[in-house]
K.L.:
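Dumping the structure here so I can ask a few things about it.
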Amino acid sequence: MNRDEIFNSIKNKPNLSVLIVGAGINGIGTFRDLALNGVDVLLVDRGDFCSGASAASSHMAHGGIRYLENGEFRLVREAVRERNRMIQNAPHIVRPLPTTIPMFKYFSGLLNAPLKFLGWLDKPSERGSVIIKLGLMMYDAYTGKTRTVPRHQFFSHTESLNRWKSLNPEIANTATYYDGLISNPERLALEILLDAEADNPNAHALNYVSMVSGEKDTIILRDELTDETYEVHPDLVINAAGPWIDFANHSLGLSTRYVGGTKGSHIVVDNPELREAIGGNEFFFENKDGRIVLLFPLFDKVLIGTSDIKIENPDEARCTDEEVDYFIGLVARVFPTIKVSPEQIVFRFAGVRPLAGSGAGKTTGQYSRDHHIEVLSGDWTNLNFPVYSLVGGKWTSFRAFSEQVTDKALAFLGKSRQKDTRDLPIGGGRGFSTDENEQKRQLEGFAAWTGLDKERLQVLYSRYGTRTEAVATFIKRAADAPLKSVPDYTRREIAFLVQHEKVIHLDDIVLRRTMLAMLGRLTRNGIQELADVMGESMDWDIKQKNAEVERTLGLLADMHGVVLSEAEG
Ligand SMILES: Cc1cc2nc3c(=O)[nH]c(=O)nc-3n(C[C@H](O)[C@H](O)[C@H](O)COP(=O)(O)OP(=O)(O)OC[C@H]3O[C@@H](n4cnc5c(N)ncnc54)[C@H](O)[C@@H]3O)c2cc1C
C-alpha cells in the first residue's frame, strides 16, 4: 500500500492490535517481529524512519567490551551474540571489524576494575594491558564456538609500531579484537521495515506521522505533511520513541521520567593520511581524560567520536564546536604526527542515547546500556489500553529487545509465537555471499538478466546486496544516465529509491537512503540536481523543488555543520 492507501485503510478500519510509536531501530525491530507473527500493526514516526538516536550511532555492532567493567555481563553476552547474528543475517551491511586498542600502561586498572564493579569509582581512569587482556578473553569466550569473528591478538610495542607506522611510540602494546561494522545503519533499518511490510499485508509503516494525544480507547495521529488528523483504536501501544519516550507518554497524559539521556556526537573527516594510518581498523582507546573514544574507518573517511553529555531536551542535540576541538585533539593521543584541521570535517552529527535515568552509574559513561520494558496500565491512566515503553538498548541488541517486547505483546494479545527472527536474513542480505567467486557468479546472473554492465552491478551490489536484482531490473526499464554531481549514482537508481523506499523529502535521500551527506559528497548544484531528478518521480513543481532544496540546506547547516554555498557549485 502507498501512503494514501494506508491512510484510507486507517479511516475505514481504525481498530488495530498494536500501534508502535517511533520508527528507530527498536520500533522497527518490534514491527518486524510482530508482523512476522501475523499481528496487524501500525508503525508511525514523526520524522523519517531511523532519523533519531538510531541515525547517530558510532556504526558499531559490538558487545561493548567496556561494559564488562561495569559488571554488565548479561548485556555483553547478549550483544556479542546479536553482533554475530547481524553479521550473518545482514552481511551486505554488517561485516567483521578489526578493532585495535593502543595501551599506554601495563598494570594500572587492576585495582580500579573491582572498584568499578562495586560502583565505588566515580571517575574513569587508565586501563592497563593486563585488565584489557582479561576483558578480551571473556569477550572471546562470549563469541562462542561458531567463531563468526576471529579471536583477539596482543602485539608487543615493536610489533605494534611495525604494523601501524604512525602510531604513538609511547604506547606499551596493542591488542586487536573483532567487532562488527554497520556501514549504513539507516539502510539496514529501512530494509528490516520493508521486509516486515512485504511479509504481512496488515503491517503498515508511515513516516512523518506523529502521535499527538490519546484518551480512553483513542489515539490521535497527525500527518505532518498535511496536518490532517486520524483516530486509531489500538489494543496495545508500544512507545518506542527512544529519547522522546517521556514526551510521548506526556502526550497521553502519563507523567514518566524513564529516560535520562546522554548526548553523543561525531565528526566525519576527510584526511587521507589518517585514513591510511588506521587502515581497515577501528582504533578504540582511552583518551587522556579516561573517556573511551574511537577512530573508525567509514568508507574513504574517518569517523571520530564520541561524547557522553547529559541533556534534557533531545531536540537540542547538536555537535558543538567544543566537542569538535575535543575530537580533533584526541587523534594526537594515538597518531601524534597526523594533523586534523577543522576544514577537513565534512559532516557532524549528534544524537541522544535513550538510557534509563542516571543513578546506576556515576559518570555518564557508566550509565547502563541495557534495555527493559516499562508497562503503564490501569484505570489511573485514563487509557483503555496498556502502554509499553521501550527504555534503553543498543543498535546491536535491537533484535533481542524486539523479541522480548514481541513475546510480551503476543502474550497480551493471547497469541503464540509462530516464527522468530534469530536466523532471518535481512533485505539484500538474503542470499548474499561474502565469497568472491560466488559474488562473481551472482553478478554474472544479474548481468545476463538485466543487461547492466558488471562494474555498475558491482557498485549496486555493494549498496543493496541481493536487492541489486530488483534495482537493476527497475533501472533497465527506461533510459538512464549518471548524475552529473555524483556519477556513481544514476537517475533511475534515485527514482528506484524514491518509488520503493517510502521517500518523502529530499533530505531522506541525501541523509538516509544514501550516504551522500555523511561522506561529504554533496554540492549546492548536486542538491539541485537531486531535487530535479526526485521531482520527476514525486511530481514536484518548481515551488516544491525550491522548498525541498531550502529545507535540506537548512537541515545540513543546522544539524550537520555543512554549509554549501552557491559559489562553490
Ligand atoms: C552517539 C551515539 C552513539 C551510539 N553508538 C552505538 C553503536 O556504535 N552501537 C550500538 O549498538 N548502539 C549505539 N548507540 C545506541 C543506539 O543507537 C540507540 O540505543 C538506538 O538507536 C535507540 O533506538 P530507538 O529506536 O530506541 O530510538 P530512536 O532511534 O531515537 O527512535 C525513536 C523515534 O521516535 C520518534 N518519535 C518521537 N516522538 C514521537 C511521536 N510523538 N510520534 C511519532 N514518533 C515519535 C522519533 O522521531 C525517533 O525516530 C549509540 C547512540 C548514540 C546516541
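Just so you know, ligand 1 is whichever comes first in the structure, and atom 1 is the first atom listed for that ligand.
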K.L.:
Do R3 and D223 sit within salt-bridge range, that is, some charged N less than 4.0 Å from a carboxylate O?
P.N.:
yes
K.L.:
Regarding ligand 1, does G264 bring an N or O atom to under 3.5 Å of one of the ligand's N or O atoms?
P.N.:
no
K.L.:
Please verify the inter-ring angle class for H505 with Y208; under 30° counts as parallel, over 60° as perpendicular, anything in between as tilted.
P.N.:
perpendicular
K.L.:
So, regarding D45 and ligand 1 (criterion: nitrogen or oxygen to nitrogen or oxygen, under 3.5 Å), is there a contact or not?
P.N.:
yes
K.L.:
If you measure from each non-hydrogen atom of L390 to ligand 1, which part falls under 4.0 Å: side chain, backbone, both or neither?
P.N.:
neither
K.L.:
Would you please name every residue forming a ring pair (Phe, Tyr, Trp, His ring centres under 6.0 Å) with Y178, sequence neighbours left out?
P.N.:
none
K.L.:
Checking side-chain polar atoms at under 3.5 Å, does S210 have a donor or acceptor matched by the opposite partner on E224?
P.N.:
yes
K.L.:
Mark up the atoms of ligand 1 that fall under 4.0 Å of a heavy atom belonging to G393, in ascending order.
P.N.:
19 (O)
K.L.:
Considering distance alone, does some N or O of G351 sit under 3.5 Å from an N or O of ligand 1?
P.N.:
no
K.L.:
Nearest to atom 52 (C) of ligand 1, what protein heavy atom do you find, and at what distance?
P.N.:
R353 CG, 3.6 Å
K.L.:
Out of S210, G392, A241, who gets a non-hydrogen atom closest to atom 38 (N) of ligand 1?
P.N.:
A241
K.L.:
Which one of T396, L294, L303, V94 satisfies the side chain to side chain contact (heavy atoms under 4.5 Å, CB included) criterion with M60?
P.N.:
L294
K.L.:
Going by atom types only, do T143 and D140 share a side-chain donor-acceptor pair under 3.5 Å?
P.N.:
no
K.L.:
What part of W395, side chain, backbone, both or neither, has a heavy atom within less than 4.0 angstrom of ligand 1?
P.N.:
both
K.L.:
Any N or O on S58 sitting closer than 3.5 Å to an N or O of ligand 1?
P.N.:
yes
K.L.:
Just wondering, are more than 12 heavy atoms of other shown residues or ligands nearer than 6.0 Å to NE2 in H250?
P.N.:
no
K.L.:
Looking at non-hydrogen atoms alone, which of G22, P314, A189 comes nearest to atom 34 (O) of ligand 1?
P.N.:
G22
K.L.:
If you look only at pairs with a residue in residues 92-102, which of them pass as a side chain to side chain donor-acceptor pair (under 3.5 Å), with sequence neighbours excluded?
P.N.:
H92-E191, T99-E282, T100-T176, T100-N281
K.L.:
Name the residue from K394, R83, E82 that meets the side-chain hydrogen bond (donor to acceptor under 3.5 Å, both in side chains) definition with H62.
P.N.:
K394
K.L.:
So that I can tick it off, tell me whether D370 and R77 are bridged by a salt bridge, with the cut-off set at under 4.0 angstrom between side-chain N and carboxylate O.
P.N.:
no
K.L.:
So if I count the atoms of ligand 1 from 1 in the order they appear, which ones are less than 4.0 Å from some heavy atom of H59?
P.N.:
8 (O)
K.L.:
Among protein heavy atoms, which sits nearest to atom 41 (N) of ligand 1, and what does the distance come to when rounded to 0.1 Å?
P.N.:
M211 O, 3.2 Å
K.L.:
For atom 23 (O) of ligand 1, what's the nearest protein heavy-atom neighbour? Residue, atom name and distance, please.
P.N.:
S54 OG, 3.1 Å
K.L.:
Of all the non-hydrogen atoms in the protein, which one sits nearest to atom 4 (C) of ligand 1, and at what distance?
P.N.:
S57 CA, 3.4 Å
K.L.:
Tell me: protein heavy atom nearest atom 31 (O) of ligand 1, and distance?
P.N.:
G24 CA, 3.3 Å
K.L.:
Can you tell me which residue among E5, E231, E228 is in a salt bridge (charged side-chain N to carboxylate O under 4.0 Å, His left out) with K11?
P.N.:
E228
K.L.:
Would you indicate whether R74, at its atom CZ, is surrounded by more than 12 heavy atoms from other residues, nucleotides or ligands within a distance under 6.0 Å?
P.N.:
yes
K.L.:
Evaluate M60 for polar contact with ligand 1, using N/O atom pairs at a separation under 3.5 Å.
P.N.:
yes
K.L.:
For ligand 1, which part of K263 has a heavy atom less than 4.0 Å away: the side chain, the backbone, both, or neither?
P.N.:
neither
K.L.:
Check for me whether K502 meets the cation-pi criterion with F49, that is, NZ or CZ under 6.0 Å from the six-membered ring centre and within 45 degrees of the ring axis.
P.N.:
no
K.L.:
Just let me know how I182 lines up against ligand 1, side chain, backbone, both or neither, with a heavy-atom cut-off below 4.0 Å.
P.N.:
neither
K.L.:
Any nitrogen or oxygen of T396 lying under 3.5 Å from a nitrogen or oxygen in ligand 1? Just yes or no.
P.N.:
yes
K.L.:
Under 6.0 Å from the CD atom of E312, do we count more than 12 heavy atoms belonging to anything else shown?
P.N.:
no
K.L.:
Less than 4.0 Å between a side-chain N and a carboxylate O, is that true for R318 and E316?
P.N.:
no
K.L.:
When you measure from atom 2 (C) of ligand 1 to every protein heavy atom, which one gives the shortest distance, and what is it?
P.N.:
A56 O, 3.4 Å
K.L.:
Backbone, side chain, both or neither: what part of A350 comes under 4.0 angstrom of ligand 1, heavy atoms only?
P.N.:
neither
K.L.:
Within a distance under 4.0 Å of any heavy atom of G52, pick out the atoms of ligand 1 and give their elements.
P.N.:
29 (O), 30 (O), 49 (O)
K.L.:
Taking the basic N atoms (NZ, or NE/NH1/NH2) and the acidic carboxylate oxygens, is any pair closer than 4.0 Å for R513 and D48?
P.N.:
yes
K.L.:
Below 3.5 angstrom, do we get any N/O pair linking I25 and ligand 1?
P.N.:
yes
K.L.:
Is any N or O atom of R46, backbone or side chain, closer than 3.5 Å to an N or O atom of ligand 1?
P.N.:
yes
K.L.:
Identify the closest protein heavy atom to atom 26 (O) of ligand 1: which residue and atom is it, and at what distance?
P.N.:
N26 ND2, 2.9 Å
K.L.:
Take N249 and N239 through the side-chain hydrogen bond (donor to acceptor under 3.5 Å, both in side chains) test and state the conclusion after the steps.
P.N.:
CA-CA 8 Å; N249 280 336; N239 178 353; 3.0 Å; yes
K.L.:
Has ligand 1 got any nitrogen or oxygen that is less than 3.5 angstrom from a nitrogen or oxygen of H266?
P.N.:
no
K.L.:
Mark up the atoms of ligand 1 that fall under 4.0 Å of a heavy atom belonging to A53, in ascending order.
P.N.:
17 (O), 21 (O), 28 (P), 29 (O), 30 (O)
K.L.:
With the threshold set at under 4.0 angstrom, would you say V209 reaches ligand 1 through any of its heavy atoms?
P.N.:
yes
K.L.:
Geometry only, no angles: is A248 polar-contacting ligand 1 at N/O separations under 3.5 Å?
P.N.:
no
